Amino acid sequence: MHMKLSNYFLPVLKENPKDAQIASHRLMLRAGMIQQSSAGIYSWLPLGLKVLSKIEQIVREEQDKAGALEIKMPTIQPAEIWQESGRYDDYGLEMLRVKDRHDRDMLYGPTNEEQVTDICRTHIRSYRSLPLNLYHIQWKFRDEVRPRFGVMRGREFLMKDAYSFDNSAEAARVAYNKMFVCYLKTFARMELTAIPMEADTGPIGGDMSHEFIILADTGESGVYFHKDWMNKNLVADIDYDADLEPVIKKFTELYARTDEKHEPDNCPIDVSELIQKRGIEVGHIFYFGTKYSHAMGASVSGADGKPVDLHMGSYGIGVSRLVGGIIEASHDEKGIIWPESVAPFTVAIVNLKPGHGTADALSKKLYDAAIMNGHDCLYDDSSESAGAKLATMDLIGIPWQLVLGPRGLEKNIVELKHRKSGKTIEITAELAYSFISSKGSLTLPETA
RNA sequence: CGGAGCGUAGCGCAGCCUGGUAGCGCACUACACUGGGGGUGUAGGGGUCGCAGGUUCAAAUCCUGCCGUUCCGACCA
């Protein structure tokens, strides 16, 4: 959605907020994306919400393509279903418990296995209705002892959670593989290198649990992986109907583990090939079998007419965490460097001197062209000083910036800056017009 | 939950030790000059000093309790 800066709400900060220790938190506050409400709980301001929504939409599109069906489950859940699964007492203080006016025990959902199992046990009666994968994108709450790192470790957070239902472990593996591939595609669209790492499977065991980790110096967990990961192409152009086992093998054969799974003494690869870095978990997929279906009586009739407990898997992506994660992976001393797919605006028109006839006219012409051609465009028509405008554009990380003012326009010159490469080129007003009039993604024009 | 900080204007801070008219920078308002990397000047507005007790003639300052928040650790998507 296009926007004139004079009509926008973009409360940027020149100084660093003292509470923000890491880059993403600091930059999100400075760029006017979020405002802290209380520890680990944030309001999302227009710019931040725009990014959050774009990430959410990419996640949604990829889930849909993988055959998952979107639902929406409540944030407030009844205690009963958690008592059924046995987790009401197990979960501890991380679960925010509340009572309604009738003194019934309720809770703000930290996750939704019980809720989705309840849906399926009600409506799925036959193995012929399977496989099924239901997902939702919803706010969750975990009363973390120590929230930190801004939205990366908040108490309230937006998650995508998918839940698969099958009538056997073998069938569940197919569902698992689809989500594995779906995650590769999802993170690739955000220009992230998310390495699937073996994760703890808990009491279920087996090899069906992976955490998707992006590398960042400020990551919360230490990770160990084979050096060949650094050059591996994680973009997966794969048909979901194909046999995915070879694909999964290809992406899991190289060593990659988080520090809790890595045993230096038993590491299968040589130290010379091992890289140690820090990472941020942005996704987690795992198979947990019949844990909840059994406890909650969610079974279907099998082909032989006998009941069989549903085999379930769950697949999470931290949507709000990704906003911080992407910034951690992509920023410099001036501010955020958004990948175009999630940038709040893909292109900005910076009018250095509003009120100047030629500058106003060209800005308007470029802005209209951007709108006509479907570009998410921010038009800076404010009366800030030139330096402040340019600093703000870099801070909020606009990928393409068209800068124009009286000085350049005397020679018919507009400046085009590419935030990611740092390249700035001078182009004619006409070339600027054709640049912003192009369909699809913007590319650096060939200069004559 | 263990350990350590910090709460003074929207933001960042000084003042507290040694009690006596609440300050600075940024931001904000008005005007002027400016305008190619957070510009300059002039004139303004804005604070029950986190809350509650206590000591004192007098508390931002000293004492006690509480609350909030941040960092390190343990824990976690």
Side-chain angles (χ1 to χ4, degrees), chain A residues 11-22 25-26 29-30 32 35-41 91-95 109-113 138-162 183 194 197 199-200 209-214 219-221 258 260 279-286 314-322 324-325 333-335 350-356 359 380 382-396 401-411 413-417 422 424 426:
Chain A
V12 298
L13 306 172
K14 202 192 286 192
E15 289 172 292
N16 281 326
K18 70 165 175 180
D19 288 344
Q21 299 300 315
I22 65 165
H25 190 195
R26 190 173 66 238
L29 289 165
R30 285 197 52 210
Q35 178 171 326
Q36 181 163 337
S37 170
S38 60
I41 302 178
Y91 218 89
L93 293 171
E94 279 202 355
M95 184 153 79
T111 182
N112 295 75
E113 281 84 2
Q138 181 62 286
W139 291 95
K140 299 185 165 191
F141 193 91
R142 289 186 194 169
D143 201 357
E144 295 279 349
V145 195
R146 193 186 155 203
R148 65 184 111 170
F149 303 149
V151 299
M152 296 224 291
R153 176 86 187 275
R155 291 194 291 175
E156 189 180 54
F157 52 96
L158 188 63
M159 282 285 290
K160 184 284 297 181
D161 274 287
Y183 276 37
M197 303 203 179
D200 209 349
S209 176
H210 288 90
E211 293 180 359
F212 285 76
I213 306 253
I214 58 175
E220 59 190 335
S221 42
T258 58
E260 61 250 8
I280 300 163
E281 181 185 345
V282 290
H284 191 179
I285 60 178
F286 62 102
S314 100
Y315 315 91
I317 289 180
V319 176
S320 51
R321 166 177 281 195
L322 270 169
E333 67 287 344
K334 289 178 180 166
V350 183
N351 184 350
L352 291 176
K353 193 174 170 89
H356 182 275
D380 184 353
S382 71
S383 54
E384 285 291 316
S385 72
K389 285 171 180 255
L390 297 170
T392 296
M393 288 302 154
D394 282 351
L395 173 63
I396 67 176
Q401 302 167 22
L402 280 167
V403 180
L404 57 104
R407 190 178 302 176
L409 289 181
E410 276 175 28
K411 292 175 288 182
I413 282 174
V414 174
E415 234 175 58
L416 174 61
K417 175 167 181 178
T424 301
E426 294 192 338

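What you see is a predicted model; the values in this text were computed from it and never measured.
Pair assignment for B:C24 gives B:G12, based on Watson-Crick or G-U wobble hydrogen-bonding distances that are each under 3.5 Å. Nucleotide B:A32 forms a pair with B:U40, judged by Watson-Crick or G-U wobble geometry with both contacts under 3.5 Å. Nucleotide B:A77: unpaired (no Watson-Crick or G-U wobble partner with both distances less than 3.5 Å). Both distances falling under 3.5 Å, in either a Watson-Crick or a G-U wobble arrangement, place B:A4 opposite B:U70.
B:U55 and B:G41 have their C1' atoms separated by 49 Å, given to the nearest Å. Spacing between B:U70 and B:C13 at atom P, rounded to whole Å, works out to 14 Å. Comparing B:C6 with B:C62, their P atoms are spaced 12 Å from each other, to the whole Å. Nucleotides B:G53 and B:C49, compared at atom P, are 13 Å apart to the nearest Å. B:U42 and B:G54 have their P atoms separated by 47 Å, given to the nearest Å. Taking the C1' atom of each, B:U8 and B:C16 are spaced 11 Å apart, rounded to whole Å. Nucleotides B:U40 and B:G3 are separated by 48 Å at their P atoms, to the nearest Å.
Side chain A:E384 to base B:G38: no donor-acceptor pair is found below 3.5 Å. Looking at A:N16, its side chain has no donor and acceptor atom pair within 3.5 Å of the base of B:G12. Between the side chain of A:T392 and the base of B:G38, a donor-acceptor pair under 3.5 Å is found. Evaluation of atom-type donor-acceptor distances gives a pair under 3.5 Å for the side chain of A:R153 against the base of B:C75. Residue side chain A:R30 reaches the base of B:G38 through a donor-acceptor N/O pair under 3.5 Å, judged by distance alone.
No hydrogens or angles considered: nothing links the side chains of A:Q35 and A:S37 as a donor-acceptor pair under 3.5 Å. No side-chain donor-acceptor contact under 3.5 Å links A:S314 and A:H284.
Between A:K18 atom NZ and B:U69 atom C1' the separation is 8 Å, expressed in whole Å. Nucleotide B:C71 holds its P atom 12 Å from the CE atom of A:M152, rounded to whole Å. In this structure, A:I396 atom CD1 and B:G38 atom C1' are separated by 14 Å, rounded to whole Å. Between A:L395 atom CG and B:G38 atom P there is a gap of 14 Å when expressed in whole angstrom units. Straight-line distance from the CZ atom of A:R155 to the P atom of B:A77: 17 Å, rounded to whole Å. In this entry the distance linking CG of A:D394 with P of B:G38 reads 12 Å, nearest Å. The interatomic distance linking A:K353 (NZ) with B:G39 (C1') rounds to 13 Å, in whole Å. With rounding to whole Å, A:L29 atom CG is found 11 Å from B:U70 atom P.
How far CZ of A:R321 is from CE of A:M159: 8.5 Å, rounded to the nearest 0.5 Å.
Picking from B:C11, B:G38, B:A77 the nucleotide with the shortest atom distance to the side chain of A:E15 gives B:C11. Here the nucleotide nearest the side chain of A:R142, chosen from B:C76, B:U69, B:G36, is B:C76. Of the listed nucleotides (B:C76, B:G39, B:G37), B:C76 has the atom at the smallest distance from the side chain of A:E220.
Residues A:L395 and A:K334 form no side-chain contact, since every pair of their non-hydrogen atoms from C-beta on lies 4.5 Å or further apart. Residues A:Q138 and A:D161 have side chains not in contact (no heavy-atom distance under 4.5 Å, counting atoms from C-beta outward).
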In sequence, state the C-alpha distance, the side-chain angles, and the governing distance for A:E426 and A:K417, and then conclude on salt bridge (charged side-chain N to carboxylate O under 4.0 Å, His left out). CA-CA 9 Å; A:E426 294 192 338; A:K417 175 167 181 178; over 6 Å; no
